[in-house]
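Please read the structure below before turning to the comments.
For the numbers below, each heavy atom of this structure counts, side chains included, while hydrogens, waters and symmetry mates do not. All values derive from a computational prediction rather than experimental measurement.
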There are 2 protein chains.
Amino acid sequence: MQRSRKYPQRTIPRALLYIRILDDLLKRGKQFVSSGELARITGVRDVQIRKDISNFGPVGKPRVGYQIRALKNLLEASVQKKAVQVVLFGMGNLGKAIARYPEFHTEKIKIAAAFEKDPRLIGKDLNGIRVYSLEKVNSVVKRTRALIGINAVPKEAAQEMADVMVAAGLRGIINFCPTPITIPDHVAVKNIDLTIEFMTLLCDINP
Amino acid sequence: MQRSRKYPQRTIPRALLYIRILDDLLKRGKQFVSSGELARITGVRDVQIRKDISNFGPVGKPRVGYQIRALKNLLEASVQKKAVQVVLFGMGNLGKAIARYPEFHTEKIKIAAAFEKDPRLIGKDLNGIRVYSLEKVNSVVKRTRALIGINAVPKEAAQEMADVMVAAGLRGIINFCPTPITIPDHVAVKNIDLTIEFMTLLCDINP
DNA sequence: TTTAATTCGTGAAGCATTTAACGAATGACA
DNA sequence: TGTCATTCGTTAAATGCTTCACGAATTAAA
Ligand SMILES: NC(=O)c1ccc[n+]([C@@H]2O[C@H](COP(=O)([O-])OP(=O)(O)OC[C@H]3O[C@@H](n4cnc5c(N)ncnc54)[C@H](O)[C@@H]3O)[C@@H](O)[C@H]2O)c1
Ligand SMILES: NC(=O)c1ccc[n+]([C@@H]2O[C@H](COP(=O)([O-])OP(=O)(O)OC[C@H]3O[C@@H](n4cnc5c(N)ncnc54)[C@H](O)[C@@H]3O)[C@@H](O)[C@H]2O)c1
């Protein structure tokens with residue numbers, strides 16, 4: 001995977017979080033916010049916040065803080081890429097919950113279609129998401145210009161689905177299956193493994 | 001949060017991943033595995049794997065690799081704390097999917113109870129998980145000895161639920177709400193924010 | 001106008017984690 | 001038996017990220 005950024009990797013998710021908070025503050029009619037205030041809200045340290053923001057340009061005013069709208073615009077221009085179409089593989093328990101999640105029906109992120117093996121689900125429509133058979137993957141991905149696939153099939157089929165996604169030309173995979181998948185370098189993966197999250201949290205607790 | 005480990009924080013989730021892979025290899029009748037082979041399966045570099053394992057003790061044999069059972073035992077003894085009881089807040093779309101996830105009905109992780117505001121859901125039983133009203137939180141947490149709470153209520157109620165969890169004596173929170181929550185130092189939180197995961201992946205793609 | 005207090009921005013210092021380099025152990029095989 | 005290739009384990013170097021320290025800018029108020 002290529003590497004040519006001028007800011008740390010871990011700044012990205014924080015910046016995305018700041019964007020969401022700023023949006024919320026804007027909606028509540030606020031105009032300015034300081035790094036200290038953002039720190040209280042997000043749990044990120046104020047210095048870290050200033051450092052993060054300074055990666056993208058000078059936008060704050062001493063003694064006043066940041067103009068919320070300007071900061072939000074700057075952050076969005078820096079890390080918020082344009083809208084993305086997503087396709088969902090597996091409309092089971094998890095797939096259904098995801099299909100119903102309003103944040104995946106926005107301008108920024110839109111689930112454009114789903115794929116299933118189970119013939120009883122094929123042809124159905126869930127929350128505006130049409131369910132197709134697996135033969136349709138290539139054509140639907142092409143038509144919708146989807147970039148990202150969500151892997152929500154049983155873990156036994158995880159690698160098989162990953163191969164299908166790669167073959168269809170998807171560029172990124174969100175993998176909910178508790179199994180590592182092997183894919184070529186030009187495709188990015190994000191594994192979300194709830195069991196590991198739980199056990200890690202448990203390690204943080206007991207010390 | 002206390003800090004008294006002898007190995008890096010980031011080793012923990014990797015070790016948990018190794019454990020799962022080893023388990024799988026064992027089930028398939030394998031006896032030995034090398035760091036190179038684990039690297040191919042997990043996507044983690046072989047040096048990193050050897051380094052991780054060396055944190056816990058010398059267990060590998062040059063030229064042969066690791067005896068799978070011995071390695072698994074060692075890792076489990078090091079990072080896999082004893083079983084944990086979990087309670088679920090919010091039995092909506094996501095809560096239902098989680099309640100039906102088999103990995104949360106094991107000896108290691110067990111969802112012991114759920115809590116809801118909606119009276120139509122209270123008293124129901126989903127996959128063996130009883131749904132209680134919010135008044136029952138304290139007594140149920142006490143009785144089940146639950147340590148961790150899952151926050152799967154609408155984001156507007158996120159902080160309120162977090163406060164309830166803290167008051168009930170839970171020691172860790174898995175937060176699915178796309179809102180930072182504020183809690184005292186002695187409680188650990190793990191935020192799982194799917195929207196941010198998506199946008200981060202998208203940043204990895206475009207470069 | 002001056003002073004004081006606040007808040008940003010940044011270069012340097014400090015940690016944490018990963019990667020590299022390499023010796024030592026082991027088994028395979030001539 | 002001795003040689004060779006392989007794989008572990010460890011110390012050191014490199015990289016990446018966070019925190020510190022402090023100057024500069026700005027506003028409020030004396
Ligand atoms: N349920 C959860 O809360 C949860 C949480 C974390 C991870 N996961 C993981 O997510 C995945 C899905 O979980 P789930 O609970 O929704 O399982 P599920 O069995 O309810 O759903 C899987 C769906 O995938 C379909 N499917 C099967 N093979 C397929 C294939 N080859 N191609 C396309 N679709 C196929 C099935 O018909 C089914 O509808 C699993 O790998 C699981 O481990 C689930
Ligand atoms: N659906 C998804 O795939 C998904 C994905 C990521 C994050 N999330 C987040 O997870 C949370 C739940 O999502 P969802 O889709 O299940 O929402 P949902 O509306 O389907 O379910 C929420 C449930 O919580 C209950 N509830 C409301 N207030 C409550 C309270 N004070 N105490 C206890 N229960 C209460 C409601 O009765 C409802 O059953 C939301 O914050 C959402 O942003 C959802």
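Checked options I192(B), I111(B), L94(B); the residue passing with I150(B) is I111(B) (criterion: side-chain contact (heavy atoms from CB on, under 4.5 Å)).
Side chain to side chain, Q159(B) and T182(B) meet the donor-acceptor criterion of an N or O pair below 3.5 Å.
Using a 4.0 Å heavy-atom cutoff across all strands shown, R10(A) reaches sugar-phosphate atoms only and no base atom. Counting any heavy atom pair closer than 4.0 Å across all strands shown, V44(B) reaches no nucleic acid atom. Within the nucleic acid shown, S35(B) comes within 4.0 Å of sugar-phosphate atoms alone, with no base atom in reach, counting heavy atoms only.
Taking the side chain of R63(A) as heavy atoms from C-beta on, and the options dT10(D), dA25(C), dA28(D), the nearest nucleotide is dA28(D). In the set dC17(D), dT18(C), dA25(C), dA25(C) carries the atom at the smallest distance from any side-chain atom of P62(B). Residue Y66(B) places its side chain closer to dC8(D) than to any other of dT19(C), dT19(D), dC8(D). Closest to the side chain of K51(A), out of dT26(C), dT10(D), dA12(C), is dA12(C). Distance from the side chain of K61(B) is smallest to dG27(C) among dG27(C), dA12(C), dA12(D). Listed candidates were dT10(C), dT19(C), dT7(C). Nearest to the side chain of S34(A) is dT7(C). Distances were taken from every side-chain heavy atom of P58(B) (C-beta onward) to each of dA21(D), dG9(D), dT18(D); the shortest belongs to dG9(D).
Across the protein-nucleic acid pair, I53(A) atom CD1 and dG9(C) atom P stand 7 Å apart, rounded to whole Å. Between D46(B) atom CG and dT19(C) atom P there is a gap of 10 Å when expressed in whole angstrom units. With rounding to whole Å, F32(A) atom CZ is found 13 Å from dT26(D) atom P. In this structure, the CD1 atom of I49(A) is 17 Å from the C1' atom of dT10(C), given to the nearest Å. Spacing between atom CD of Q48(A) and atom P of dC17(D) amounts to 10 Å, rounded to whole angstrom units. Here the P atom of nucleotide dC8(D) and the CZ atom of F56(B) are 16 Å apart, to the nearest Å. Taking atom CD on Q9(A) and atom C1' on dT17(C), their separation rounds to 14 Å, with Å as the unit. Straight-line distance from the CG atom of N55(B) to the P atom of dT11(D): 12 Å, rounded to whole Å.
The shortest non-hydrogen separation linking D193(A) to P178(A) is OD2-CA, 3.7 Å.
One finds no side-chain N or O of R45(A) lying less than 4.0 angstrom from the OP1 or OP2 phosphate oxygen of dC17(D). Between R50(B) and dC8(D) there is a side-chain N or O to OP1 or OP2 distance below 4.0 Å.
Checked against the 6.0 Å centroid threshold, F56(A) and Y7(A) count as a close aromatic pair.
When the shell of 6.0 Å around NZ of K108(A) is examined, it contains more than 12 heavy atoms from other residues, nucleotides or ligands.
Each of G57(B) and Y7(A) has a nearest nucleotide on DNA chain D; the 5'-most of these lies closest to G57(B).
The shortest distance between side-chain heavy atoms of F104(A) and K110(A) does not fall below 4.5 Å.
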